[in-house]
Structures are given as C-alpha cells and as structure tokens.
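See below for the structure under consideration.
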Amino acid sequence: MVKMTAADRERYSRQILFAGLGEAGQEHLLASRAAIVGCGALGSFHAAALARAGVGRILIIDRDYVESSNLQRQWLFEESDAAEALPKAIAAERRLARINSTVRAQGIVADLTPANIADLLSDAQVILDGTDNFETRYLINDFALSRTIPWIYGAAVGSYGISMPVIPGRTACLRCVYPDQPAGAQPTCETAGVLNSVTAAIAAVETADALKILAGRAELVRPRITTLDLWEGGMRQIDQPTPAADCPACGLRDFVHLDGERRAPVSLCGRNAVQIHERARPLDLAALGSRLQSLGQVRANDFALRFVTGSYEMTIFPDGRAIIKGTADIGIARSLYARYIGA
Ligand SMILES: [Zn+2]
C-alpha cells in the first residue's frame with residue numbers, strides 16, 4: 001500500500017468518499033499494477049479510466065497503428081495520432097501521461113504471443129481484455145490460469161457487448177464457456193460496424209471489476225456474464241456457469257494455447273508479405289466477399305478471394321489460410337486477419 005499525500009486525498013476525493021473503496025481502497029489502487037491487452041475502443045477506455053482512478057502502474061500492449069477510422073470510438077486518440085500513424089501503445093502512453101502524470105503508464109508495441117506473454121504479464125494483478133480475437137483471448141486465459149491472475153473478458157460489435165470476469169480458482173474460465181473458437185468467419189467491427197457507446201459501456205463493466213480486484217476487494221467480483229444491446233435496448237446479467245471439471249484449461253490445466261501449438265502459424269513469404277496458415281477454419285468465401293464488398297476491392301473465384309484495402313492485399317483461401325501483401329510485420333498481418341476475417 002502507498003501512504004497518500006494531501007494532493008492524492010484531494011485528487012481522488014470522490015473515489016475515497018465512495019464507501020466501496022474508501023481510503024484503504026485508494027491506497028491499494030495507488031500501489032496496484034494492471035495490464036491492458038489491445039488498445040482499441042475497449043482498451044483505450046480501460047486505460048484512461050484506470051489512470052484517472054490512480055492505478056499505480058498500467059501496461060498497455062498493442063500491435064497496431066492509429067488510423068482515422070479508429071477515432072469514432074477509440075477514446076484516447078486524436079487526429080494528430082492518426083495523421084502520424086503512431087502506434088496505439090505509444091499514443092496511449094503519451095495521452096495517459098497528460099491525464100495523470102502521477103501514475104506510470106507504459107506502452108508496448110507488440111503482438112502478444114506465447115513467447116513474450118510471461119515477460120509482459122507476470123507482474124500484473126489483473127489483465128483487461130481489449131483484444132478483438134479469440135486466439136489472443138485463449139492465450140490470456142491459459143496464462144492467467146497458470147499464474148492465478150484474474151482477467152476480464154470483454155467484446156463489442158454492432159450494438160452488442162459482452163463481459164465476463166475470470167477469477168482463477170473461483171469462476172468459470174473462457175474455455176468453460178467457449179471450449180473452442182466460433183467456427184468460420186465472425187462479424188467484426190470492420191465488417192459489421194460498432195457503436196461507440198456500446199464499447200464504452202462494456203469497457204466500463206470490465207473496468208469496475210478490475211477496480212474491485214486492484215483495490216483488494218476481489219471477493220466482490222460476482223461471477224456473472226453481462227450482455228447488453230444499446231440499440232435494441234436491454235442489459236442482462238446471468239450467472240456464470242460453475243467451472244467445468246473437464247474444462248481443458250481450468251479443470252485439466254492443459255494449457256495448449258500457452259505452448260503455442262494452437263496458434264495459427266505464420267511465416268514471412270517474400271519480401272513484403274506474410275502468410276497465416278489457419279488450421280481447420282473453413283470459410284464461406286462468398287459470404288465473406290459480400291461482407292468485405294463495401295470495404296475495399298473484392299475479386300473472387302472458386303479457389304480464393306482477393307481483397308484490397310489501402311496498401312494491403314489479402315488473398316484468402318477456403319481453408320482459412322491467407323497471404324497478406326504490403327507488410328512484413330507479423331503483428332500487423334495477424335491484426336488485419338482478425339479485423340477482416342475474424343479470429
Ligand atoms: Zn475452464
């Protein structure tokens with residue numbers, strides 16, 4: 001715990017007055033450490049909220065750059081960040097320093113992988129999910145269970161959002177609820193759009209659970225799945241299932257995503273192209289083509305679909321494999337795959 005100064009007492013007075021936190025809760029927050037994986041709409045909300053709340057150390061991991069189409073919902077970023085194509089992790093770190101200069105926020109430009117996850121996340125007391133793909137979420141789930149670190153799952157697309165806390169040893173984990181990643185191409189914010197309000201709402205639900213954990217009140221996190229739809233209306237909370245005894249991750253502790261075997265292999269192909277060899281992920285190319293139609297140039301035959309967006313050209317095969325031309329950066333290639341095909 002950290003002893004508060006008079007300036008801290010003033011700065012965080014509205015939070016200290018809140019009975020659920022109080023002075024002891026605030027002291028815990030000032031000494032606490034959080035990690036945010038993915039700094040898009042959800043992650044940039046988490047980061048700003050935790051910095052304002054006085055969370056002592058905030059690590060932000062993101063593999064992508066700021067683009068103008070992010071500004072509609074990615075709360076931390078400004079036009080100048082997009083104009084400079086700044087990495088999101090760097091833009092976030094700079095912005096957080098202006099929001100609260102007394103907390104330590106660090107941005108890491110990286111693709112979270114089985115190889116670097118222990119270095120990046122071992123120190124975290126909670127991990128917040130700001131990612132857009134199941135591949136990374138399963139990796140976080142395995143790691144968090146193996147190290148007994150709580151993490152909060154969150155996702156939003158269209159007007160819909162979902163959040164669920166995973167407290168190792170107490171609640172169900174992501175694989176209890178989704179044993180395998182949904183088959184085929186999934187709707188993504190790039191193909192189905194997203195309302196900025198739903199990203200804020202679901203990120204706020206995640207952040208509230210994170211604050212309980214960081215304030216030393218993890219027992220207050222209730223094992224519930226929250227879903228909301230801000231267009232149709234309605235927020236629902238249902239009890240999380242109890243941990244499944246035969247869950248491969250939390251039950252049998254077989255952390256296949258952590259050893260990297262389940263991760264779609266990636267290889268550089270040529271000087272400026274990356275191949276993602278997805279496994280067992282049959283795609284309906286006709287359906288994918290019609291979703292991508294409005295986002296770039298689409299050409300398709302029975303064997304492959306070619307999609308051109310900006311300076312990137314993606315060739316997508318029915319087995320889920322893709323060749324992405326226009327980059328030699330594996331993180332960017334994975335990001336494009338997650339955005340346009342869904343992962
Ligand atoms: Zn489980």
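First listed ligand is number 1; within each ligand, the first listed atom is number 1.
- Taking the salt bridge (Lys or Arg N to Asp or Glu O under 4.0 Å) definition, one finds that Arg217 meets it with Glu219, sequence neighbours left out.
- Between the side chain of Asn116 and the backbone N or O of Asp111, at least one donor-acceptor pair lies under 3.5 Å.
- For Arg11, the salt bridge (Lys or Arg N to Asp or Glu O under 4.0 Å) criterion is met by no residue, not counting sequence neighbours.
- Between the side chain of Asp129 and the main chain of Gly154, a donor-acceptor pair closer than 3.5 Å is present.
- Note on Arg222 versus Asp239: no salt bridge recorded, every NZ/NE/NH1/NH2 to OD/OE distance being 4.0 Å or above.
- Around the Zn ion (ligand 1), protein N, O or S atoms at a distance under 2.8 Å total 4; waters are neither shown nor counted.
- The ring-ring contact (aromatic ring centres under 6.0 Å, His included) contacts involving residues 88-111 comprise nothing, where partners must be two or more places apart or lie in separate chains.
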